[in-house]
K.L.:
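Following this message is one structure expressed as structure tokens.
What you see below is based on every heavy atom in this structure, not just the backbone, and it leaves out hydrogens, waters and symmetry mates. Proteins come first, then strands; the chains are lettered A, B, ... in the order of their sequence lines, and each starts at number 1.
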Protein chains: 2
Amino acid sequence: MSSRLPPLTALRAFDAAARHMSFAQAAAELNVTPAALSFQIKSLEAHLGAPLFRRLNRAVELTEAGKALSTGAAEGFQTLAGAWRAAQRTQDTQTLTVTAGPAFTAKWLAPRLYEFAQAHPKVELRFAASLTLADLTRDNIDVAIRFSDSTSPDLYSLPLAEEWVMPVMTPALAAQYPTVESLHNAPLLFDESISFLKVPVDWSDWFNAMGAPFNPKLGPRFSQSDHAIDAALAGVGAVMGRRALVIKDLAEGRLVAPFPTALATGARFSFLCVKGMETRQQIAAFRDWILEEIKKTAQITENLTILEPSHS
Amino acid sequence: MSSRLPPLTALRAFDAAARHMSFAQAAAELNVTPAALSFQIKSLEAHLGAPLFRRLNRAVELTEAGKALSTGAAEGFQTLAGAWRAAQRTQDTQTLTVTAGPAFTAKWLAPRLYEFAQAHPKVELRFAASLTLADLTRDNIDVAIRFSDSTSPDLYSLPLAEEWVMPVMTPALAAQYPTVESLHNAPLLFDESISFLKVPVDWSDWFNAMGAPFNPKLGPRFSQSDHAIDAALAGVGAVMGRRALVIKDLAEGRLVAPFPTALATGARFSFLCVKGMETRQQIAAFRDWILEEIKKTAQITENLTILEPSHS
DNA sequence: CCCATCAGTTAAGCTGTACTTAACTGAGCA
DNA sequence: TGCTCAGTTAAGTACAGCTTAACTGATGGG
């Protein structure tokens, strides 16, 4: 083999040409003349000892060698560009991009956004709500809040509070159903996304745990937790609320949990960022602020009985 | 932001330096003087507007920006190197690297290797037996033979014969157990890897299908199919043999299938290569040869009843 | 049919990037 | 104290990579 790696400028020229399938456009992208590009490709072909493009009348097409090279080349340069952006991002102490699931974004982050802005007026927060997001560096994300099982070795991972679930509802609704048994007759809302938890727990599990078995089937179903909670906030019914998503509403009285027994889920949100980045100004500030916010609501949990899920 | 991508030579210099954590070693790797390398890093730092290394007395260490850049840079250059090797490989019509599972390698490829070498004396076959192999270009693999479900859009995928299973044994053993019922008393071998198939089928399923229900539990267990078949070849017992792995032994009489009823599994091996590469000389030759080999043994299948798996 | 146009190539010459050699700094160590 | 090691700086050089300008050859509209 000639060398471990060909001239990189030539490779980049090839990448652009392969992506556009046009030398002229590639030249425009790289801000060089078509002549220069033609030369680069030629030199790369000389290095390889074979043509990479088949020159047709008004177009070019990739040869086998070209096809073999193009995919990986595109991917490689994308990775490099992502890495470079990540490095640039470390120089920016103003902005902080956070990704979390839609429910956590809506019910945890958004309501507390004002307070964070107060505490850190210089930091500009950006959100990227999505359920799955693979690559932090690739997608220019600083921090992810996730139910994380697999923590890759080059991720910094800080587990946050454990997620339990318990029935919550508006104070008005709670007044109508003072006992667990009476709750059998209350309008029960179902949060289907709970089934994604490690140990799915729902109404029937909770009634069982309370010694008042009941297997409710009917009731509005919501595919996203935040929608179910919004419905409960509107007084539509009671819902099995996840800790992170309802604790602020509990603390501020919009919702109540009349029966102080919660079911543990084994799952917990984690604070994730690329290893080493946890010391960056905004990231550290954001992490500390999250921990502080969780601590603030800790006393609500103290009065609860939290039952481990039965492994029967 | 300064530019979409920094000078590539400088980036490569940084990559080498970050991998070795030493400018001198990096310079040696790139065959340049330490002075040149020092310059490159400096220029990269100028582009970024921040230092990438912290210069200590006898060592260097990465700054935050450096850490952010190093991982992606290493990955990016690795990808580029892999792509370049893939391109170089297309120029080589002599060698052909194939990956398959251990069982397929041992029981399908290996026994036919001589015949392929006869038909294509110029092609040098190489094998890479492994259960999972993610990236064909990265790992310098030309062809993969896999049970493929997810076919990525840039893979060429050719489904081969469907995989069924049926009891096979040596002729001597078969003589002792002439009926399905008598087979209940035969030494039965278990191939545990069958459980990885889409529709796991084993002895009890087969006896059920034959109308002679029996739920055998005892017998030697093998974690790899080829070992189970080797045991059967040694006359140790009967085994539920997968088509691809036993058909040559059946064709040549080392094993017999006394009861001509097989159970379909829904799974089939596929011939996989990077899209566009299927026209390369050796790859096309190998593919055509595989198809030919399968056709050769087709008449064995013609006399069989193949039962779809019951979906009860 | 012919000429304008478009996409890529070739040639000649210039510019600045990326290298070299050589001298320098400054910490660790015998 | 001076030697060595790792990285920096300075000065000079060579060639990679760019530009402009002219060329090829196929396409397609008028």
Side-chain angles (χ1 to χ4, degrees), chain A residues 2-63 65-66 69-70 73 77 80 84, chain B residues 2-63 65-66 69-70 73 77 80 84:
Chain A
S2 49
S3 62
R4 232 179 56 74
L5 219 63
L8 291 171
T9 21
L11 236 189
R12 186 179 44 191
F14 167 79
D15 171 49
R19 276 187 287 105
H20 291 123
M21 285 309 270
S22 152
F23 287 15
Q25 280 177 257
E29 178 186 307
L30 300 174
N31 296 313
V32 295
T33 55
L37 207 121
S38 179
F39 249 80
Q40 296 289 2
I41 302 274
K42 214 175 167 200
S43 104
L44 197 63
E45 288 174 328
H47 267 264
L48 184 64
L52 290 161
F53 286 101
R54 204 164 293 121
R55 276 79 164 173
L56 304 178
N57 304 333
R58 283 203 163 253
V60 287
E61 68 178 34
L62 289 165
T63 62
L69 185 55
S70 62
F77 283 113
L80 291 182
W84 183 244
Chain B
S2 51
S3 62
R4 233 178 56 74
L5 219 61
L8 291 170
T9 20
L11 237 188
R12 186 180 43 189
F14 167 79
D15 172 49
R19 277 187 286 103
H20 291 123
M21 285 308 269
S22 151
F23 288 15
Q25 280 178 257
E29 177 186 308
L30 301 175
N31 295 313
V32 295
T33 55
L37 207 121
S38 178
F39 251 81
Q40 295 289 2
I41 303 272
K42 215 175 166 201
S43 104
L44 197 63
E45 288 175 328
H47 266 263
L48 183 64
L52 290 160
F53 285 100
R54 205 165 292 121
R55 276 76 165 175
L56 304 179
N57 303 336
R58 287 210 160 241
V60 287
E61 68 178 35
L62 288 165
T63 62
L69 186 54
S70 62
F77 283 114
L80 291 182
W84 182 245

K.L.:
Measure the CZ-CG distance between A/F77 and A/L8 for me, rounded to the nearest 0.5 Å.
P.N.:
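Going from the CZ atom of A/F77 to the CG atom of A/L8 covers 6.0 Å.
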K.L.:
Under 4.0 Å: is that the gap between some side-chain N or O of B/K42 and OP1 or OP2 of D/dT9?
P.N.:
yes
K.L.:
Less than 4.5 Å apart, any side-chain heavy atom of A/F53 and any of A/T63?
P.N.:
no
K.L.:
Among D/dT8, D/dT9, C/dT9, which is the nearest nucleotide to the side chain of B/F23?
P.N.:
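Out of D/dT8, D/dT9, C/dT9, the nucleotide with an atom closest to B/F23's side chain is D/dT8.
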K.L.:
Using the 3.5 Å cut-off, write out each protein N or O paired with an N or O of nucleotides 27-29 of chain C and the distance between them.
P.N.:
{"from": "C/dA27", "atom 1": "O3'", "to": "B/N57", "atom 2": "ND2", "distance (Å)": "3.1"}
{"from": "C/dG28", "atom 1": "OP1", "to": "B/N57", "atom 2": "ND2", "distance (Å)": "3.1"}

K.L.:
Does any non-hydrogen side-chain atom of A/L48 lie less than 4.5 Å from one of A/L69?
P.N.:
no
K.L.:
Output the rounded distance in Å from CZ (A/R54) to P (C/dG8).
P.N.:
15 Å
K.L.:
Within the 4.0 Å limit for protein heavy atoms, which parts of nucleotides 12-23 of chain C are touched? Write it as a string from 5' to 3', B for base, S for sugar-phosphate only, - for none.
P.N.:
------SSBBB-
K.L.:
Does D/dT8 have its OP1 or OP2 closer than 4.0 Å to a side-chain nitrogen or oxygen of B/S38?
P.N.:
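B/S38 to D/dT8 OP1/OP2: side-chain N or O found under 4.0 Å.
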K.L.:
As an exercise, state the distance from CG of A/L5 to CZ of B/R12, rounded to the nearest 0.5 Å.
P.N.:
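Spacing of CG (A/L5) from CZ (B/R12) equals 6.5 Å.
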K.L.:
What side-chain donor-acceptor pairs closer than 3.5 Å can you find for residues 16-29 of chain A, not counting sequence neighbours?
P.N.:
{"from": "A/R19", "atom 1": "NE", "to": "A/D15", "atom 2": "OD1", "distance (Å)": "3.4"}
{"from": "A/R19", "atom 1": "NE", "to": "A/D15", "atom 2": "OD2", "distance (Å)": "3.3"}
{"from": "A/R19", "atom 1": "NH1", "to": "A/E29", "atom 2": "OE1", "distance (Å)": "3.2"}
{"from": "A/R19", "atom 1": "NH2", "to": "A/D15", "atom 2": "OD2", "distance (Å)": "3.2"}
{"from": "A/R19", "atom 1": "NH2", "to": "A/E29", "atom 2": "OE2", "distance (Å)": "2.9"}
{"from": "A/H20", "atom 1": "ND1", "to": "A/A16", "atom 2": "O", "distance (Å)": "3.3"}
{"from": "A/H20", "atom 1": "NE2", "to": "A/E29", "atom 2": "OE1", "distance (Å)": "3.3"}
{"from": "A/S22", "atom 1": "OG", "to": "A/A24", "atom 2": "N", "distance (Å)": "3.3"}
{"from": "A/S22", "atom 1": "OG", "to": "A/Q25", "atom 2": "N", "distance (Å)": "3.0"}

K.L.:
Within the distance-only criterion (no hydrogens, no angle test), does the side chain of A/E61 pair as donor or acceptor with the backbone N or O of A/R54 below 3.5 angstrom?
P.N.:
no
K.L.:
Take the protein atom CG of B/L52 and the nucleotide atom P of D/dT8, then report the distance between them rounded to whole Å.
P.N.:
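About 12 Å, once rounded to whole Å.
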K.L.:
Between atom CG in A/L11 and atom C1' in D/dG17, what is the gap in whole Å?
P.N.:
15 Å
K.L.:
Give me the atom names and distance for the closest heavy-atom approach of B/L52 to B/E45.
P.N.:
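Heavy atoms of B/L52 and B/E45 come nearest at N-OE2, 2.7 Å.
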K.L.:
Let's go through A/T33 and A/F39 carefully: what are the C-alpha distance in whole Å and the side-chain angles of both, what is the deciding distance for side-chain contact (heavy atoms from CB on, under 4.5 Å) to 0.1 Å, and is it a yes or a no?
P.N.:
CA-CA 10 Å; A/T33 55; A/F39 249 80; over 6 Å; no
K.L.:
Below 4.5 Å, heavy atoms only, C-beta onward: do A/L44 and B/W84 meet side chain to side chain?
P.N.:
yes
K.L.:
Output yes when at least one side-chain N/O atom of A/R55 is less than 4.0 Å from OP1 or OP2 of C/dT9, else no.
P.N.:
yes
K.L.:
Could you tell me the separation between the CG atom of A/L44 and the P atom of D/dA16, rounded to a whole number of Å?
P.N.:
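That distance rounds to 15 Å.
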